[in-house]
Number of protein chains: 2
Amino acid sequence: MDESKDRPSSYSVAAFRTPDGAPADIVIFTITSTERRAVKKSLPLMELQVLLIERKGWPFEGQWALPGGFSKDTESIYETARRELQEETSIDDVHLAYFNVYSEPGRDPRGWMISHAFFALVNERQLLNRKAADDASDVKLVPVEEALRMRLAFDHNTIVADALERVRHQMLTTTIAKEFLPEKFTISELYQVIRTVVPEFEESNFIRKITATQSRNGIIEEVRDEHGQSVTSNRYSQRAAQLYRFTDYQPRLSIYG
Amino acid sequence: MDESKDRPSSYSVAAFRTPDGAPADIVIFTITSTERRAVKKSLPLMELQVLLIERKGWPFEGQWALPGGFSKDTESIYETARRELQEETSIDDVHLAYFNVYSEPGRDPRGWMISHAFFALVNERQLLNRKAADDASDVKLVPVEEALRMRLAFDHNTIVADALERVRHQMLTTTIAKEFLPEKFTISELYQVIRTVVPEFEESNFIRKITATQSRNGIIEEVRDEHGQSVTSNRYSQRAAQLYRFTDYQPRLSIYG
DNA sequence: ACAATAGTGTCTATGAGACATTATCTC
DNA sequence: GAGATAATGTCTCATAGACACTATTGT
């Protein structure tokens with residue numbers, strides 16, 4: 001791409017109107033866990049949340065919006081999203097994926113803005129130690145369903161809805177569930193996470209299927225210590241449960257067989 | 001989005017450098033069929049092709065590139081792609097899907113261009129009656145593998161590779177195979193199309209699996225005439241084969257069960 | 001008869017799905 | 001022992017996968 005030196009002087013960049021900006025907007029998902037009872041051990045209640053920020057100036061002043069910001073000419077859009085994520089939540093190193101572009105004319109009263117939407121999956125623990133720098137009060141986590149009922153700035157309702165659909169789909173077809181889980185987890189935890197994102201997902205014999213080697217073989221594996229002993233946890237139950245971890249195996253899905 | 005009337009006079013759009021353009025580039029895939037022998041009936045040889053155009057001016061003059069063009073401020077990026085597709089190939093009404101953005105600084109010597117990539121799936125028959133308006137010689141179909149070995153303009157090698165990966169994945173997980181098939185088709189035709197796009201796909205008992213109702217139930221259905229009689233075709237074989245059509249059912253895939 | 005593709009019969013091993021039962025540990 | 005979650009036993013039916021075999025029709 002070293003052709004710019006050949007640029008003919010007749011070439012004009014500004015022959016047509018050009019966009020006024022290329023923002024990246026980020027739908028940050030996290031799953032919050034709340035204890036169900038103080039006394040007894042049990043699986044916590046999980047809820048899928050979205051991070052929103054309150055707009056301080058025109059346009060949509062006072063309304064809630066997705067975090068994001070404008071791309072610079074020295075970075076790719078993906079780098080923009082990473083930078084904004086870092087600035088917004090001081091989180092680094094999380095799952096961040098591009099999923100769509102929003103370009104309807106008139107979607108931003110400031111001008112011709114072509115917005116690039118990402119979703120990020122963040123573990124609640126990573127979010128807790130975020131700096132409250134940008135005023136604690138103008139950033140909040142909102143349950144997804146509630147966010148969709150709010151009247152968000154710009155076309156952010158659409159963006160959140162699209163992101164949610166994408167994450168739901170990926171939750172069942174890829175191993176992104178791992179982003180919401182500790183490295184070692186129990187089968188019930190995994191099941192809970194999946195159900196929190198995709199409530200329709202119901203598998204009576206979940207342990208059976210995911211355990212039954214040979215078929216789903218290799219998505220997850222038992223955690224063993226240096227002596228080959230099974231490692232278990234009783235965080236969420238009286239009886240200790242086997243811990244598992246994801247392998248890097250991703251099964252190849254097909255509707256044809 | 002009727003807030004523009006509230007724009008404060010202090011607001012300046014041009015505080016930062018803005019992009020010089022937002023092009024849409026389209027990877028147009030088609031499957032060409034060539035008879036294997038003039039005499040006998042047999043399944044044609046199929047090949048996955050990509051449409052390329054030769055660049056007429058700076059930059060990358062004389063190199064081959066993807067069709068595409070710049071977005072206007074009165075249309076969404078998707079509409080840009082539709083329009084360019086129509087202008088380029090005079091095809092309307094085909095499968096067109098957005099799949100990624102390309103924004104690496106320096107990817108376009110003309111300036112800061114954030115490109116939006118689409119892929120289109122076109123039936124060979126639709127492509128045949130395209131106008132040779134823009135000089136027949138500067139547009140051509142190239143087998144995908146060959147296109148990837150060429151040195152295309154801009155970062156179009158990357159775009160083609162990404163598009164191919166996406167289409168391969170969707171070929172197995174959605175029913176886009178229908179875009180390359182006539183409305184009524186035989187099981188072998190379907191199998192050929194899948195294998196043309198995804199050569200690794202090998203299913204010995206393909207007919208069995210796709211036919212064996214109850215499991216894959218409802219992706220495709222037998223074509224019957226008004227009397228309930230099976231409709232068959234012997235286009236590609238001595239013995240007539242049952243014709244099928246896709247239903248609008250899309251199975252829900254999951255790695256968990 | 002041969003070529004070429006379409007489609008079935010049959011057998012086996014494995015998986016899904018449902019439900020009851022047993023295991024382990026805390027309070 | 002009650003309560004809670006983890007995990008296995010067992011039975012049935014559906015499916016995958018392999019492979020041999022039969023079917024149909026143009027040349």
Side-chain angles (χ1 to χ4, degrees), chain A residues 33 35-46 172 184-193 195 201-220 222-223 229-244 251-257, chain B residues 33 35-46 172 184-193 195 201-220 222-223 229-244 251-257:
Chain A
S33 300
E35 300 297 325
R36 265 192 296 178
R37 246 149 304 178
V39 205
K40 302 206 173 163
K41 292 187 178 183
S42 66
L43 277 166
L45 278 181
M46 296 185 180
L172 296 182
K184 303 167 186 175
F185 53 86
T186 66
I187 300 286
S188 319
E189 275 183 283
L190 171 58
Y191 186 58
Q192 279 285 105
V193 165
R195 295 227 34 192
F201 184 81
E202 266 192 61
E203 292 290 335
S204 44
N205 266 7
F206 185 67
I207 304 187
R208 257 323 177 28
K209 286 184 206 163
I210 196 127
T211 296
T213 178
Q214 206 120 357
S215 62
R216 319 264 150 236
N217 63 75
I219 300 175
I220 60 173
E222 294 187 358
V223 178
Q229 291 299 313
S230 290
V231 180
T232 58
S233 156
N234 64 343
R235 271 178 287 193
Y236 301 132
S237 61
Q238 322 288 29
R239 175 173 176 180
Q242 174 66 46
L243 288 175
Y244 290 83
R252 190 247 237 155
L253 294 171
S254 161
I255 62 175
Y256 295 113
Chain B
S33 300
E35 300 297 325
R36 266 192 296 180
R37 244 150 305 179
V39 203
K40 302 207 173 161
K41 291 187 178 185
S42 66
L43 277 166
L45 278 181
M46 296 184 180
L172 296 182
K184 302 168 187 174
F185 51 87
T186 66
I187 300 288
S188 321
E189 274 184 285
L190 171 59
Y191 185 59
Q192 279 284 105
V193 164
R195 294 225 38 191
F201 184 80
E202 268 192 57
E203 293 292 335
S204 44
N205 266 7
F206 186 67
I207 303 187
R208 253 329 176 21
K209 286 183 206 162
I210 196 127
T211 297
T213 178
Q214 204 119 0
S215 61
R216 319 265 151 235
N217 64 73
I219 300 174
I220 58 173
E222 295 186 358
V223 178
Q229 292 298 314
S230 290
V231 180
T232 59
S233 155
N234 63 342
R235 270 178 288 194
Y236 301 132
S237 61
Q238 323 285 31
R239 175 174 176 178
Q242 174 66 47
L243 289 174
Y244 289 83
R252 192 246 238 153
L253 294 170
S254 160
I255 62 174
Y256 295 114

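Quantities reported herein were computed from a predicted structural model and do not represent experimental measurements. Side-chain atoms are counted along with the backbone in the values below, which use heavy atoms only and exclude waters and symmetry mates.
Both A:Leu243 and B:Ser204 lie close to DNA chain D; mapped to their nearest nucleotides by heavy-atom distance, the more 5′-ward contact belongs to A:Leu243.
Scanning atom types as modelled, no donor and acceptor separated by under 3.5 angstrom connect the side chain of A:Arg239 and the base of D:dG3. At a cut-off of 3.5 angstrom, counting only N and O atoms as typed in the model, there is no donor on one side facing an acceptor on the other between the side-chain of A:Asn205 and the base of C:dA16.
The structure places CZ of B:Phe206 at 8.5 Å from OG1 of B:Thr211, a figure rounded to the nearest 0.5 Å.
For the pair B:Ile207 CD1 and C:dT5 P, the interatomic distance rounds to 12 Å; values are reported in whole Å.
Between the side chains of B:Ser237 and B:Arg239, no donor-acceptor pair is found at a separation under 3.5 Å. A donor atom on one side chain and an acceptor atom on the other are found under 3.5 Å apart for B:Ser230 and B:Gln242.
If you check C:dG7, D:dA18, D:dT24 against the side chain of B:Gln238, the one that comes closest is D:dT24. Residue B:Arg208 has its side chain nearest to D:dA18 when only C:dG7, D:dA18, D:dT10 are considered. Nearest nucleotide to the side chain of A:Ser188, out of D:dA7, D:dT24, D:dA6: D:dA6.
In this structure, B:Pro251 and B:Ile219 have side chains that are in contact, with non-hydrogen atoms separated by less than 4.5 Å.
Checking the phosphate oxygens (OP1, OP2) of D:dA4, no side-chain nitrogen or oxygen of A:Ser237 falls inside 4.0 Å.
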